[in-house]
Amino acid sequence: MASRISARIGAISESATLAVDAKAKALKAAGRPVIGFGAGEPDFPTPDYIVEAAVEAARDPKNHRYSPAGGLPELKQAIVEKTKRDSGYEIEAAQVLVTNGGKHAVYNTFATLLDPGDEVLLPAPYWTTYPETIQLAGGVPVEVLADESQNYLVTVEQLEAARTDKTKALLFCSPSNPTGAVDTPEAIEAIGRWALEHGIWVITDEIYEHLTYGDTKFTSLPVAVPEIADRTVVLNGVAKTYAMTGWRVGWMIGPKDVIKAATNLQSHQTSNVNNVAQRAAIAALTGDLSAVDEMKVAFDRRRKLMVSMLNEIPGIECPEPTGAFYAYPSVKGVLGKEINGRTPTTSAELAEIILDEAEVAVVPGEAFGAPGYLRLSYALGDDDLTEGVSRIAKLLG
């Protein structure tokens with residue numbers, strides 16, 4: 001009997017991070033004292049000045065109508081100016097497409113660039129959405145694993161070993177989701193020069209650009225290697241920097257022909273992004289970064305606390321993340337040991353035991369192409385963070 005669901009859509013896995021978050025919220029709603037480390041979502045409200053801009057926009061009838069599919073001209077210009085201000089990358093408005101969140105930018109990019117059978121080098125651990133969108137576009141994700149011994153940072157040598165005559169693109173994400181690792185400017189330049197030499201497209205996800213700690217600096221790949229700009233697509237959005245995950249405004253920056261083609265695609269998919277959210281994004285990008293800096297102070301404090309607490313748990317090894325808001329500990333030393341009568345052999349089984357026994361929700365490494373790890377977001381309140389990791393320590397200690 002023929003399947004009711006197409007093979008293309010039937011092959012998609014559910015977003016593991018959203019699934020864990022939904023399960024945690026459902027248990028909490030049922031009265032269970034669950035603490036969720038699953039979603040990559042700041043616990044801060046969107047700054048007031050951004051919300052006020054949205055309220056004002058909602059009252060203006062011009063925002064009740066269709067607007068250009070590729071984005072409000074004012075927002076595209078704000079993205080041009082913000083990109084130069086924050087990363088030193090000079091672009092034109094014709095190189096920008098405003099999308100319905102960062103995920104939409106990822107989907108549009110792969111749909112626009114890939115033909116069936118094209119390979120995309122995908123450093124692992126990777127964000128769970130990347131391989132699904134590559135495969136939806138007919139592409140083939142080629143995983144390149146960098147483990148904790150190399151601080152989760154892939155090398156040019158590893159990329160070269162994975163390259164074939166079918167390699168079309170490299171997905172690059174620094175600061176990284178899920179590991180929080182940040183490449184050095186020298187490593188980013190080396191990777192960019194390697195991609196340039198072999199005619200490989202680079203899709204670089206810069207959504208965590210503002211979230212770096214200590215002496216760590218963000219480096220935009222097309223700024224490090226200007227010659228590769230014509231084969232580079234930059235992905236970004238307001239979600240993480242401005243605590244605007246639910247507003248759904250992202251963008252892609254690329255060569256004009258790629259952006260024109262992606263805009264044509266979006267004109268049939270969704271038309272324009274919500275006008276009120278676009279007006280809020282303009283306020284975010286044209287305002288100062290003081291609210292962002294305040295959030296960073298809290299994230300930095302929580303980062304240090306979480307890593308120190310995790311590394312005190314027997315069998316857990318957690319490199320210190322220098323960006324984003326995730327810790328990515330190896331739990332290989334815990335697997336195979338009995339925990340309250342149950343013996344996990346995979347990080348997925350361990351995550352299930354932690355949720356059942358300690359009522360703490362974490363995402364297993366299987367979701368990120370790297371079994372043997374857990375991802376914990378530290379974008380939640382200090383008290384919940386301390387209580388949640390303490391519960392895990394008590395269970396595993």
Under the side-chain contact (heavy atoms from CB on, under 4.5 Å) test, residues paired with D383 that sit two or more places apart: none
Just by modelled atom types, is the [Y] backbone N or O under 3.5 Å from a matching donor or acceptor in the [X] side chain?
X: T99; Y: G250; result: yes
X: H210; Y: A324; result: no
X: R32; Y: A29; result: no
X: D384; Y: I35; result: no
X: S174; Y: D183; result: yes
X: K168; Y: L113; result: yes
X: E349; Y: T345; result: yes
X: T46; Y: A243; result: yes
X: R231; Y: G199; result: yes
X: Y152; Y: Y328; result: yes

From CA spacing to verdict: salt bridge (charged side-chain N to carboxylate O under 4.0 Å, His left out), E189, R193: CA-CA 6 Å; E189 181 178 355; R193 299 241 168 252; 3.3 Å; yes
With a 4.5 Å cut-off on side-chain heavy atoms, are [Y] and [X] touching?
X: L395; Y: I354; result: yes
X: E132; Y: L136; result: no
X: I339; Y: R342; result: no
X: L27; Y: L355; result: yes
X: V182; Y: P175; result: yes
X: V307; Y: Y378; result: no
X: L170; Y: P123; result: yes

Audit row: E92, V80, side chain to side chain contact (heavy atoms under 4.5 Å, CB included) steps and yes/no: CA-CA 6 Å; E92 301 173 35; V80 168; 5.7 Å; no
With sequence neighbours excluded, tell me which residues meet ring-ring contact (aromatic ring centres under 6.0 Å, His included) with [X].
X: Y208; answer: F325, Y326
X: Y49; answer: none
X: H198; answer: W194

When you look at [atom1] of [X], are more than 12 heavy atoms from neighbouring residues, nucleotides or ligands closer to it than 6.0 Å?
X: K23; atom1: NZ; value: no
X: D48; atom1: CG; value: no
X: I5; atom1: CD1; value: no
X: E56; atom1: CD; value: no

What distance do [X] atom [atom1] and [Y] atom [atom2] have between them, rounded to the nearest 0.5 Å?
X: L305; Y: L310; atom1: CG; atom2: CG; result: 9.0 Å
X: E197; Y: I228; atom1: CD; atom2: CD1; result: 11.0 Å
X: M309; Y: T386; atom1: CE; atom2: OG1; result: 5.5 Å
X: L159; Y: L122; atom1: CG; atom2: CG; result: 10.5 Å
X: S347; Y: E352; atom1: OG; atom2: CD; result: 12.0 Å

Side-chain donor-acceptor contact under 3.5 Å, S220 with E206: yes
Distance-only polar pair, side chains of E320 and Y213, donor-acceptor under 3.5 Å: no
Check against salt bridge (charged side-chain N to carboxylate O under 4.0 Å, His left out), D60 and R279: CA-CA 11 Å; D60 188 339; R279 297 285 176 193; over 6 Å; no
I91/V96 under side chain to side chain contact (heavy atoms under 4.5 Å, CB included): CA gap, chis, key distance, verdict: CA-CA 8 Å; I91 57 168; V96 178; 3.8 Å; yes
Summary of side chain to side chain donor-acceptor pair (under 3.5 Å) pairs that have at least one residue in residues 304-315, sequence neighbours excluded: none
Same cluster or not: [X] versus [Y], using hydrophobic residues (I, L, V, M, F, W, Y) connected whenever any side-chain heavy atoms lie under 4.5 Å apart?
X: V223; Y: I191; result: no
X: V331; Y: L376; result: yes
X: F218; Y: I188; result: no
X: F44; Y: M244; result: no
X: W127; Y: V233; result: yes

Among L121, I134, T164, side chain to side chain contact (heavy atoms under 4.5 Å, CB included) partner for V142: L121
Shortest non-hydrogen contact between [X] and [Y], atoms and distance:
X: N272; Y: P68; answer: CB-O, 3.5 Å
X: F37; Y: L385; answer: CZ-O, 3.8 Å
X: G369; Y: Y126; answer: CA-OH, 3.4 Å
X: G388; Y: V360; answer: O-CG2, 3.7 Å

Residues that R391 engages under salt bridge (charged side-chain N to carboxylate O under 4.0 Å, His left out), provided they are two or more places apart: E387
Check against side chain to side chain contact (heavy atoms under 4.5 Å, CB included), N108 and Q266: CA-CA 8 Å; N108 282 349; Q266 185 162 302; 3.0 Å; yes
NZ/NE/NH1/NH2 to OD/OE distance under 4.0 Å, K296 and D293: no
Audit row: K260, D257, salt bridge (charged side-chain N to carboxylate O under 4.0 Å, His left out) steps and yes/no: CA-CA 5 Å; K260 185 176 187 302; D257 57 337; over 6 Å; no
M252 vs I259, side chain to side chain contact (heavy atoms under 4.5 Å, CB included): CA-CA, chis, key distance, verdict: CA-CA 8 Å; M252 51 186 287; I259 295 302; 3.9 Å; yes
Verdict with supporting geometry, R163 and E119, salt bridge (charged side-chain N to carboxylate O under 4.0 Å, His left out): CA-CA 9 Å; R163 183 177 64 86; E119 293 179 354; over 6 Å; no
